[in-house]
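Please read these numbers as outputs of a predicted model, since none were measured by experiment.
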Amino acid sequence: MRRIAPAPPLMPTRSSSSAPMTDMIARVVEGVAALRREEWDACAGTANPFVSWDFLAALEESGSVGPGTGWQSLPLLIDGADGRIAAAAPVYAKAHSQGEYVFDHGWADAWQRAGGDYYPKLQIASPFSPVPGPRLLLRDEALAPALIAGIETLVERNGLSSAHATFIEPEQVPLFEAAGWLIREDSQFHWTNRDYRDFADFLGTLSSARRKNIRKERERAVQGLEIVHLTGGRVREAHWDIFWDFYQDTGARKWGRPYLTRAFFSLLGERMADRVLLVLALRDGAPIAGALNLIGADTLYGRYWGCTQDVPHLHFELCYYQAIDAAIARGLRRVEAGAQGGHKLARGYAPTPTFSAHFIPNASFRRAVADFLAAERRDVQRDREWLSERTPFRKADG
């Protein structure tokens, strides 16, 4: 992949229309790990673990992103008057479209058939994480337009095809719309905690047939097994060795090769143990399956699962039902169990819109993509409406 140099270290960007007409300076550095943790996290906040310094730096330091992976970490920053980072974006130069979960392979094919080089492109994201969250990390919210303009400048100065901000939290979509980026819409399935006392209280809001099915699934899944929840200091290196085997098996079947390295899990446990929830299924004391979750301020994020024994319904139990149990126990408002999976609908996870934003400098290519997105959005919204009418909740509960 053609590497994008951080130089020139200073890039003038457009000022927002509401800000005084003074030049703002953006800079690009090689990697989040090179930055001070406290400065990055002052912008990222504490609600979403996937944009934290600990998570993004662990990806770099473990070799999960970086040389040989097709992900070049190029965080874009704007400094405040106090000399500390006031705004940041997790930017990556990408040599492919893998590990993004917002698929643009058709766009890449069309661009390259026309004689262009679609790659490298810029990706503003948390790698390998289809998790909605902030993509503009702002200690000073007034710097959002300048930060977006800095990304555009990086694209234009390097002659890149495009930039893509994926899984943007809904509150930030208007910021990209105001800058003229194209907005793409999709759906995930999220579970919402309506102040349930326990899992039985949640089941009480479902139709009778669905309640019976879920009870049967749970009984069959755990027959002869012990389910344990591990977090903080209870998660040891031996657990990561076990989960690595689970992850490799699932990754090999889904993606051909796992995205994350073994070292990443050790760093996750070392730096973010209190935000890790590892759910294991044990048979005769030995783990046979596991699900890895990260704990946010109000959301439990399900990320990876794997097993060494095929047990009917165990995937649903560890990834969906145990996650609901954990969210209720912790008073969390949501469970986000990852991308895709229409089977989540019958288990109380409702269709929820997700968003991405796309900057395409070439006018004719932009028009073609805009037409595609308009048609796609109508289909996505129609599908989501159809699914919403088929949730397992009793009609009186919605």
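- In terms of modelled atom types and a separation under 3.5 Å, the side chain of Lys94 and the main chain of Glu100 share no donor-acceptor contact.
- Counted by atom type alone, Gln309 and Arg283 present one or more donor-acceptor pairs between their side chains at under 3.5 Å.
- More than 12 heavy atoms of other shown residues, nucleotides or ligands fall within 6.0 angstrom of atom CG in Asp379.
- Within a 6.0 Å sphere centred on CD of Gln223, heavy atoms belonging to other residues, nucleotides or ligands number 12 at most.
- The backbone N or O of Ile85 lies less than 3.5 Å from a partner atom in the side chain of Glu39, making a donor-acceptor pair.
- Between the side chains of Thr192 and His190, no donor-acceptor pair of N or O atoms lies under 3.5 Å.
- Residue pairs meeting the side-chain hydrogen bond (donor to acceptor under 3.5 Å, both in side chains) criterion with at least one partner in residues 367-378, sequence neighbours excluded, are Arg184-Glu376.
- In this structure a side-chain-to-backbone donor-acceptor pair under 3.5 Å is missing from Arg27 to Leu77.
- Side chain to side chain, Ser266 and Arg262 meet the donor-acceptor criterion of an N or O pair below 3.5 Å.
- Counting heavy atoms of neighbouring residues, nucleotides and ligands inside a 6.0 Å radius, atom CD of Glu171 exceeds 12 of them.
- The pair Glu185-Arg384 meets the salt-bridge criterion, since a charged nitrogen lies less than 4.0 angstrom from a carboxylate oxygen.
- Classification of Asp104 and Lys121 as a salt-bridged pair holds, one side-chain N sitting under 4.0 Å from a carboxylate O.
- A salt bridge is defined here as a Lys NZ or Arg NE, NH1 or NH2 lying under 4.0 Å from an Asp or Glu carboxylate O, and Arg139 with Asp41 fails to meet this definition.
- Using a cut-off of 4.0 Å between Lys/Arg side-chain N and Asp/Glu carboxylate O, Arg347 and Glu217 are scored as salt-bridged.
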side-chain contact (heavy atoms from CB on, under 4.5 Å) evaluation trace for Gln322 with Arg218
CA-CA 10 Å; Gln322 290 290 329; Arg218 298 203 75 178; 3.4 Å; yes

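- At most 12 non-hydrogen atoms from other residues, nucleotides or ligands lie less than 6.0 angstrom from CZ of Arg197.
- No donor-acceptor distance shorter than 3.5 angstrom exists from the side chain of Ser52 to the backbone of Phe50, with no hydrogens or angles considered.
- Both tests do not hold together for Arg211 against Phe202: distance to the six-membered ring centre under 6.0 Å, angle to the ring axis within 45°.
- A distance of 13.5 Å separates OG1 in Thr354 from CD in Glu169, rounded to the nearest 0.5 Å.
- Within a 6.0 Å radius of CG in Asp284, no more than 12 heavy atoms belonging to other residues, nucleotides or ligands are found.
- If you check the side chains of Thr166 and Gln123, you find a donor sitting under 3.5 Å from an acceptor.
- The backbone N or O of Phe167 lies less than 3.5 Å from a partner atom in the side chain of Arg135, making a donor-acceptor pair.
- Salt-bridge annotation for Arg330 and Asp325: absent, with no side-chain N of the basic residue lying under 4.0 Å from a carboxylate O of the acidic one.
- A donor-acceptor contact shorter than 3.5 Å links the side chain of Thr231 to the backbone of Val276.
- Taking all atoms of both residues into account, the shortest heavy-atom contact from Ala93 to Leu122 is CA-CD2, 4.1 Å.
- Looking at Trp181 and Glu177, their side chains never bring a donor and an acceptor atom within 3.5 Å of each other.
- Applying side chain to side chain contact (heavy atoms under 4.5 Å, CB included) to Leu203 and the options Leu206, Asp201, Thr205 leaves one that passes, Leu206.
- Checking Asp186 against Tyr101 by side-chain atom types alone, no donor-acceptor pair falls below 3.5 Å.
- Between Phe316 and Tyr320, the ring planes lie parallel to each other; the angle is under 30°, not in the 30° to 60° tilted range.
- Looking at Thr299, its side chain never comes within 3.5 Å of a backbone N or O of Val335 through a donor-acceptor pair.
- Neither side chain, Glu336 nor Gln188, offers a donor N or O lying under 3.5 Å from an acceptor on the other.
- For His229, the ring-ring contact (aromatic ring centres under 6.0 Å, His included) test picks out no residue, with sequence neighbours left out.
- A salt bridge links Arg334 with Asp298: at least one charged nitrogen is closer than 4.0 Å to a carboxylate oxygen.
- The closest donor-acceptor contact from the side chain of Tyr247 to the backbone of Leu260 lies under 3.5 Å.
- At a threshold of 4.5 Å between non-hydrogen side-chain atoms, the residues Phe103 and Ser97 do not count as touching.
- Thr352 contributes a side-chain N or O that, together with a main-chain N or O of Ala350, makes up a donor-acceptor pair within less than 3.5 Å.
- Side-chain atoms of His239 and Glu237 form no donor-acceptor pair, as typed in the model, at a separation below 3.5 Å.
- Salt bridge absent: Arg390 and Glu385 never bring a charged side-chain N and a carboxylate O closer than 4.0 Å.
- Thr69 approaches Gly63 most closely through the heavy-atom pair CG2-O, 3.5 Å.
- Tyr119 and Gln112 share no donor-acceptor pair across their side chains, judged by distance under 3.5 Å alone.
- Between the side chain of Ser187 and the main chain of Pro353, no donor-acceptor pair closer than 3.5 Å is present.
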